[in-house]
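Accompanying notes for the structure given below.
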Amino acid sequence: MGVSSSKMGVSSSQSQSHQKKSPNLRMTKDRNMNHSGRFIFSKLRRSFRNKNKQESCSDGFDPKGLFAQMKELAEKSRESNDNSPHKDLKEGTVSRFVFESAFNGPLQMMGSVLYTHIQVYNALHHKKMDDLISEKQFNRVCNEILELYSESQKQQYYFRLFSKGKESISKDGALKMAEMCYALSLAAANISYPEKHDSDIILDYIANSMFGIEESLTEEHFIAWCNRHIPHIFSGVHSWLMGILTKQHESIELKAAVPILDSLADCSALLNLPSLWVLSSVLPQCYLGNGSVTDYSMTLSPITMMNKLVHVTRAQNWTMLYDSNEHGLSMNRFQHHVFSYRGPTITLLTFGGKNVFCIAVDTEWRDSTEKWGGQNCMVLQLAPYFRKVQEGENMMYLNSTSRTVPKAIQVGKDNRNLVLNINSDMSEVTHYSVSLGLHRIEVWGCSGTGALESQRRQKQWECKETERNANKKLHMEHWNDCPDRQILEMAGIRTTRSQPYIQDVSSMDD
């Protein structure tokens, strides 16, 4: 099916600690979000009512048009193959073969899932399972998808879609669901689906982490796990379907897309496309550059507003600030490339074999003896398990100068039980009291070109100041009035060549 021109992203999710700290604030934000969602949806519904009129709407919902495109595919197939399985197709219906033929490449599974979902829905409501689906049945499911605007609604609906109407899902089904969510997120962002690569194993980690030792997962446990670890897992699915249903594409066939993230396609960096999708489904919006709903709910068209609500990634604006493989693995090089970047950053590090962690910092990095960081700071484990380890305020610490406190990078709220402790020479990582060798670190800036340019100007200013101070000559008339000179002389130290040594009185008596 077609691909959307919008980008991947995710809306913000409040940290667990912040929820406990300010429940009233959280409830107020939820009410505002639900109100905004209902407001936008009501405008969408009003615009969709125009479809029954003779006037044409360029961005309205036109299920008849989508259905007609599938019929056209059937006609094309009938012309190319007289023995096709849909040769004797009834008027106003579409067979499974025709429906699934509209989905190409990695999205082929989505055709099968959607067709089964429409059949299951019809069986539940009309007590019969037809081999063909009608235009009316197709429209009914399309309207259901358009009515989804809250995360809880999406999680419940799409779980039932991928579980084929069952109340639980198997490990194999969960893996296929994760693969489909990833593929549709790339399609929604107009990024071409890459060939299978070792980096895709993170999808296995996600599926396995859902289950633990269990063999199946109920809807209740799945939603609870998603809310904790990956709340926007279905954002790409919903974004892509919204793009199709709202006629954002001229064709429902999947066409080749131009990769937007060329630097990630070769998977040489720790931040590859699968990891990018995972992070876009977890991180708050401050890392992804999305505006709040109230910023555009009153000014944009209904379709554009609904697309803004969908969590489509803006991570294409991320810029690599530091790569230990290229810049060297040391605290000095880390500070040189990361400091003065005034914006959120993502730090990926690998240590002790297959361990991959992500440190999301919502403020500028700093050298301090005190802990710092805002409420959107968090640390995630990406491999060999996937989980959100910790989040909240004052969980970051970096000290490279003071000798009175540890020189290290520390992540965690409890100093007695730190999540990560990177020593000063960046050779070792201690994870919950277990020390392992550090292999590689990457830091990505998330604030776009503006913050990067500001960092560049700051570095230029610092270099000029360093050169100016290095060339500055010490004038003797200033030195004579310097307090340091007086202190040295009080200690009995000669500060000029013409001045004799001050002999200790006690030594003279001896």
Query raised in the report: Between Lys154 and Val237, is any pair of side-chain heavy atoms under 4.5 Å apart?
Result: no

Requested in this report: Measure across Ser454 and Arg342 and return the closest heavy-atom pair with its distance rounded to 0.1 Å.
Outcome: OG-NH1, 3.7 Å

Query raised in the report: Side-chain donor-acceptor pair under 3.5 Å between Ser435 and Thr430, yes or no?
Result: yes

Requested in this report: Would you check if the side chain of Ser185 reaches a backbone N or O of Cys181 as a donor-acceptor pair within less than 3.5 Å?
Outcome: yes

Query raised in the report: Considering only heavy atoms from C-beta outward, does the side chain of Phe159 approach that of Ile223 to under 4.5 Å?
Result: no

Query raised in the report: About how many Å separate CD1 of Ile359 and CG of Leu348, when rounded to the nearest 0.5 Å?
Result: 9.0 Å

Query raised in the report: If you look at every heavy atom in Trp277 and Ile206, which pair is closest and at what distance?
Result: CZ3-CD1, 3.9 Å

Report summary line: On a heavy-atom basis, the closest approach of Leu203 and Tyr182 is CD1-CD2, 3.9 Å

Query raised in the report: How about Val113 and Tyr158: do any of their side-chain heavy atoms sit closer than 4.5 Å?
Result: no

Query - Heavy-atom side-chain proximity of Phe234 to Met177 below 4.5 angstrom - result: yes

Query raised in the report: Taking the six-membered ring where the residue is Trp, are the ring centres of Phe386 and Tyr205 under 6.0 Å apart?
Result: no

Report task. Walk me through it: do Met378 and Asp362 pass the test side chain to side chain contact (heavy atoms under 4.5 Å, CB included)? Result -> CA-CA 9 Å; Met378 64 177 62; Asp362 60 358; over 6 Å; no

**Report entry** ring-ring contact (aromatic ring centres under 6.0 Å, His included) assessment of Phe334 paired with His327
**Finding:** CA-CA 8 Å; Phe334 178 90; His327 304 120; over 10 Å; no

Query - Steps toward side-chain hydrogen bond (donor to acceptor under 3.5 Å, both in side chains) verdict (Gln335, Ser400) - result: CA-CA 10 Å; Gln335 291 178 312; Ser400 63; 2.9 Å; yes

Report task. Verify, without hydrogens or angle tests, whether Lys459 (side chain) and His336 (backbone) share a donor-acceptor contact under 3.5 angstrom. Result -> yes

Query raised in the report: Is the gap between the ring centers of Tyr149 and His238 under 6.0 Å?
Result: no

Query raised in the report: If you round to the nearest 0.5 Å, how far is NZ of Lys388 from CD1 of Ile230?
Result: 10.0 Å

Query raised in the report: For Asn355, does its backbone N or O pair with a side-chain atom of Tyr385 as donor and acceptor, under 3.5 Å?
Result: no

**Report entry** Separation between CZ of Arg387 and OG of Ser209, rounded to the nearest 0.5 Å
**Finding:** 9.0 Å

Query raised in the report: CG of Leu270 to CG of Asp323: how many Å apart, nearest 0.5 Å?
Result: 7.0 Å

Query raised in the report: Is the closest side-chain donor-acceptor distance between Gln153 and Ser150 under 3.5 Å?
Result: yes

Query raised in the report: Does the separation of the ring centres of Tyr287 and Trp318 fall below 6.0 angstrom?
Result: no

Query raised in the report: Is there a side-chain contact between Arg160 and Gln155 (heavy atoms, below 4.5 Å)?
Result: no

**Report entry** Check: Glu370/Trp372 side-chain N/O donor and acceptor closer than 3.5 Å
**Finding:** no

Query raised in the report: Strictly by modelled atom types, are Glu462 and Gln458 linked by a side-chain donor-acceptor pair under 3.5 Å?
Result: yes

**Report entry** Main-chain N/O of Val419 paired to His431 side chain as donor or acceptor, under 3.5 Å
**Finding:** yes

Query raised in the report: Above 12 or not: heavy atoms from other molecules or residues under 6.0 Å from NZ of Lys354?
Result: no

Report task. Considering non-hydrogen atoms only, spot the tightest contact between Lys413 and Glu391 and give its length. Result -> NZ-O, 2.7 Å

Query raised in the report: Should Phe357 and Thr350 count as side-chain neighbours, where that means a heavy-atom distance under 4.5 Å?
Result: no

Query raised in the report: Would you say the side chains of Thr345 and Trp365 form a donor-acceptor pair under 3.5 Å?
Result: yes

Report task. Verify the distance criterion only: is there a donor paired with an acceptor across the side chains of Asn421 and Glu428 at less than 3.5 Å? Result -> no

**Report entry** Within 6.0 angstrom of Lys371 NZ, more than 12 heavy atoms from elsewhere
**Finding:** yes

Query raised in the report: What is the distance from atom CD of Gln285 to atom SG of Cys446, rounded to the nearest 0.5 Å?
Result: 13.5 Å

Requested in this report: Under the side-chain hydrogen bond (donor to acceptor under 3.5 Å, both in side chains) rule, what do Gln410 and Asn399 come out as? Steps first, then yes or no, please.
Outcome: CA-CA 9 Å; Gln410 297 178 350; Asn399 172 50; over 6 Å; no

Query raised in the report: Just by modelled atom types, is the His337 backbone N or O under 3.5 Å from a matching donor or acceptor in the Gln455 side chain?
Result: yes

Query raised in the report: Does Pro284 offer a backbone N or O that forms a donor-acceptor pair with the side chain of Asn376 under 3.5 Å?
Result: no

Query raised in the report: Going by heavy atoms in the side chains, are Leu175 and Lys171 under 4.5 Å from each other?
Result: no

Query - Greater than 12 external heavy atoms within 6.0 Å of Phe339's CZ - result: yes

Query - Verdict with reasoning, Val278 to Leu276, per side chain to side chain contact (heavy atoms under 4.5 Å, CB included) - result: CA-CA 5 Å; Val278 171; Leu276 180 73; over 6 Å; no

Requested in this report: Kindly say whether Met109 contributes a backbone atom to a donor-acceptor pair with the side chain of Ser112 at under 3.5 angstrom?
Outcome: no

Query raised in the report: Does Glu442 come within less than 4.0 Å of Arg440, counting only side-chain N to carboxylate O?
Result: yes

Requested in this report: Might you work through the side chain to side chain contact (heavy atoms under 4.5 Å, CB included) test for Leu349 and Ile422, ending with a clear yes or no?
Outcome: CA-CA 10 Å; Leu349 61 154; Ile422 306 173; 4.0 Å; yes

Requested in this report: Consider only side-chain N and O atoms of Ser275 and Asn272, and report whether a donor and an acceptor are under 3.5 Å apart.
Outcome: yes

**Report entry** Test side chain to side chain contact (heavy atoms under 4.5 Å, CB included) applied to Leu329 and His439, step by step
**Finding:** CA-CA 9 Å; Leu329 185 59; His439 303 315; over 6 Å; no

Query - Side-chain heavy atoms of Ile346 within contact of Leu271, under 4.5 Å - result: no

**Report entry** Residue pair Pro344 / Cys286: nearest heavy atoms and the distance that separates them
**Finding:** CG-O, 3.5 Å

Query - Glu215 CD to Ser168 OG distance, which is reported to the nearest 0.5 Å - result: 12.0 Å

Requested in this report: For Asn423 and Ser427, indicate whether the former's side chain and the latter's backbone hold a donor-acceptor pair under 3.5 Å.
Outcome: yes

Report task. Indicate whether any N or O donor in one side chain lies under 3.5 Å from an N or O acceptor in the other, for Glu144 and Tyr157. Result -> yes

Requested in this report: Would you name the heavy atoms of Leu452 and Thr319 that are closest together and state the gap between them?
Outcome: CD2-CG2, 3.7 Å

